[in-house]
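Structure record follows, encoded as structure tokens.
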Amino acid sequence: MKSVVTKLVRDALAALPELADAAADLALETTVERTRDPDHGDFATNVAMRLAKPAGMNPRALAAKIVAAIPASNDVDKVEIAGPGFINIYLGAAAFHAEVALILERDVCYGRQPQKLTPRILLEFVSANPTGPLHVGHGRHGAYGATVGNLLEAAGYDVDREYYVNDAGRQMDILGLSVWLRWLEAHSMKLDFPAAGYRGEYIRDIAAAVDTKGIAVVDRGVLLNGIPADAPEGDKEAHIGALIERAKDLLGKDGFNHIRQQSLESIRQDIEQDLAEFGVVFDYWYSEQSLESTNRIDAALAILRDRDMLYEKDGATWFRAEQFGDEKDRVVIRENGVKTYFASDIAYHFDKRERGYDYLIDILGSDHHGYAPRVSAGLAAMGYDAGSLEVELMQFVTLYRDGEKLSMSTRSGEFVTLRELRNEVGNDAARFFYVMRSNDQHLDFDLELAKSRSNDNPVYYIQYAHARIASVFRQLAEKKLSHDGANGCRGLALLVEAQEKALFAALSRYPEVILLAATNRAPQHLVHYLRELANEFHSYYNAHAFIVDDVALRDARLTLITATRIVISNGLSILGVSAPEKM
RNA sequence: GCGCCCGUAGCUCAACCGGACAGAGCAUCGGAUUUCUAAUCCGGCGGUUGCAGGUUCGAGUCCUGCCGGGCGCGCCA
């Protein structure tokens, strides 16, 4: 609906060639806004104020000129100039009636833009290390990423979702070792579990299920002989490092890898299932190991070397990140010959572009904020536009129960898992609460509120509006009445109550909200909108009966609430929240 | 010390490249039900947008400095 107004203003400016220079680099869409105050009409534009200075004119005089140039339209009731030079546009009722007809016609597709061919977007999120079950922080990444993906798709983008599996490196060895030690414990060996190992209960579960091919019970003395002391007396990293080497010796490299791969695959599958149950699904699970096994890291480094982007210093190989805006140069190959994590990141992001994605969005924890300039520098050095990588940072989640903060710690194994959270509050409340706040705000997740089946809980408030509409139609059927939608559309002009006008206006905003939320990667806009829409509906419900004797009025009202039901359902669907028929 | 993010009502948060008297929910106070689900609605109370400057016709929003909080600043992953 906004596009209709924008077009009118654009046509008006086009009819005023003397403004062409002043308006040359003005993005017109941004000057047209919904009004907050109905006294200011439905839409307002500040275009006259924006152009006043470059055009060398008084804003109100300029506004008058623009208003005079606005072409006649059936959609517009009147246009007024207000305040310092705002142009207020009042739309006629017919424009809103047409929008409701469009909602009914497009149904589940209402609010979706036609598919754009470019840019192709790759959205990477969660990407938690496969060393244990997801915790509540990952849940926020999942809910946010999935919703942003849905929003981008609704906005017409071609978007794929990817999970980067950090299945290489030392942490995987620690995982493999942890599982083996638990397996040995289960086979009657008494030992002190390493302080740096993964201590969660799930490790025992994996150990119990592990395929024992190539695994042997070893003598405790053989295992621990010559291993440096663990913390607190010794260095826990040295201790576990020596144990990993010992494990590889005793089991053989293949034997150890066998345990390690089984362990990580078990955890990865658990993560995938957990997320799937949460309505968070990925197109690709991209393995870090595969980067190495296909030599993509070496290939990327070779390209950098060819471009003179690498140099040797202190026995290590450095990348000239500073040249591309990073705060300092970064090591890609350590003195000991091992490639850094950053080297695989460059290769990975390069590969994303090579796979044909034009635009990359990474959703990362806020503790990774230093990472964006680095990887952008890598992309730029590889010949791709640094601006083609966008990083959205997620602030942390704090759980509260009865007003008390719950602590979380991965290593201790005492964290609250996403699965536990989902079981406790339900998927709908969890999805909703996770995206209620802007991603750059800390999220206080109140378990009691999320569970409460009361008016305190915004999820139920919105779902209840949907269920109430469904209930109205059940009542209609019980009364042996039916709804003639075509007749309802013809009779929309009968709907002149304040609550009806408010509902018309709210409904017509939906496509704009989707675009806004998608553009800003800001699901909370949709959350707030749905709450407002539900509020308009509940007010209407309380003020007026829908199932009235006057057939024309009844059909019109039922048509209006049908449109409301469609929009609520579509919006909730993007949030990954169900729209119940009954509560 | 340097860098990034945040600071809005008692609490939790909105506010669309800067726009009209800064909006919701909770809490609190008062009201609405012979009714299509009261998981609802209507109204009242509540603000120097951390502080001080600056830019602008116009600043919660942009710039500078300060105060407070979070996170980062590895040849870790």
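In what follows, chains carry the letters A, B, and so on, assigned in the order in which the sequence lines appear, proteins first and then strands, with residues in each chain numbered from 1.
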Checklist entry - Across the strands shown, which category fits A:Phe473 at heavy-atom distances under 4.0 angstrom: base, sugar-phosphate, nothing? => result nothing
Item to check | P atoms of B:rC45 and B:rG7, separation to the nearest Å | outcome: 27 Å
Item to check | Side-chain N,O (A:Arg468) to OP1/OP2 (B:rA38) below 4.0 Å | outcome: yes
Checklist entry - Ring of A:His40 versus six-membered ring of B:rA20: centres under 5.5 Å and planes under 30°? => result yes
Item to check | C1'-based separation of B:rC16 from B:rG10 [nearest Å] | outcome: 29 Å
Next on the checklist: Applying the 5.5 Å / 30° rule, does A:Phe396 stack onto the base of B:rG70?
Outcome noted: no
Item to check | Residue mapping more 5' on RNA chain B - nearest nucleotide basis, A:Leu443 or A:Gly83 | outcome: A:Leu443
Checklist entry - What's the CE-C1' distance between A:Met583 and B:rU40, to the nearest Å? => result 12 Å
Checklist entry - Is any N or O donor-acceptor pair between the side chain of A:Asp167 and the base of B:rA77 shorter than 3.5 Å? => result no
Checklist entry - Once you round it to whole Å, what is the distance between C1' of B:rA39 and NZ of A:Lys582? => result 16 Å
Item to check | Lys/Arg cation over aromatic A:Tyr541: A:Arg468, 6.0 Å, 45° cone | outcome: yes
Checklist entry - Are any of the side-chain heavy atoms of A:Arg557 and A:Tyr540 separated by less than 4.5 Å? => result yes
Item to check | Atom C1', compared across B:rA15 and B:rG47: separation rounded to whole Å | outcome: 14 Å
Next on the checklist: Can you measure A:Arg437 atom CZ to B:rU8 atom C1' for me and round it to whole angstrom units?
Outcome noted: 13 Å
Checklist entry - Below 4.0 angstrom from OP1 or OP2 of B:rC4, is there any side-chain N or O of A:Arg374? => result no
Checklist entry - Which is true for A:Ser471 with a 4.0 Å heavy-atom rule: it touches a base, it touches only sugar-phosphate, or it touches nothing? => result base
Checklist entry - For B:rU35, does either OP1 or OP2 sit under 4.0 Å from a side-chain N or O belonging to A:Asn542? => result no
Next on the checklist: Say we look at B:rC2 and B:rG18: how far apart would their P atoms be, to the nearest angstrom?
Outcome noted: 29 Å
Item to check | Protein-nucleotide distance (A:Leu533, atom CG; B:rC41, atom P), rounded to Å | outcome: 13 Å
Next on the checklist: Should the side chain of A:His369 and the base of B:rG3 be counted as holding a donor-acceptor pair, with the cut-off at 3.5 Å?
Outcome noted: yes
Item to check | Whole-Å distance separating the OH atom of A:Tyr541 from the C1' atom of B:rA39 | outcome: 12 Å
Checklist entry - Would you say the side chain of A:Phe433 lies within less than 4.5 Å of the side chain of A:Pro458, judging by non-hydrogen atoms? => result yes
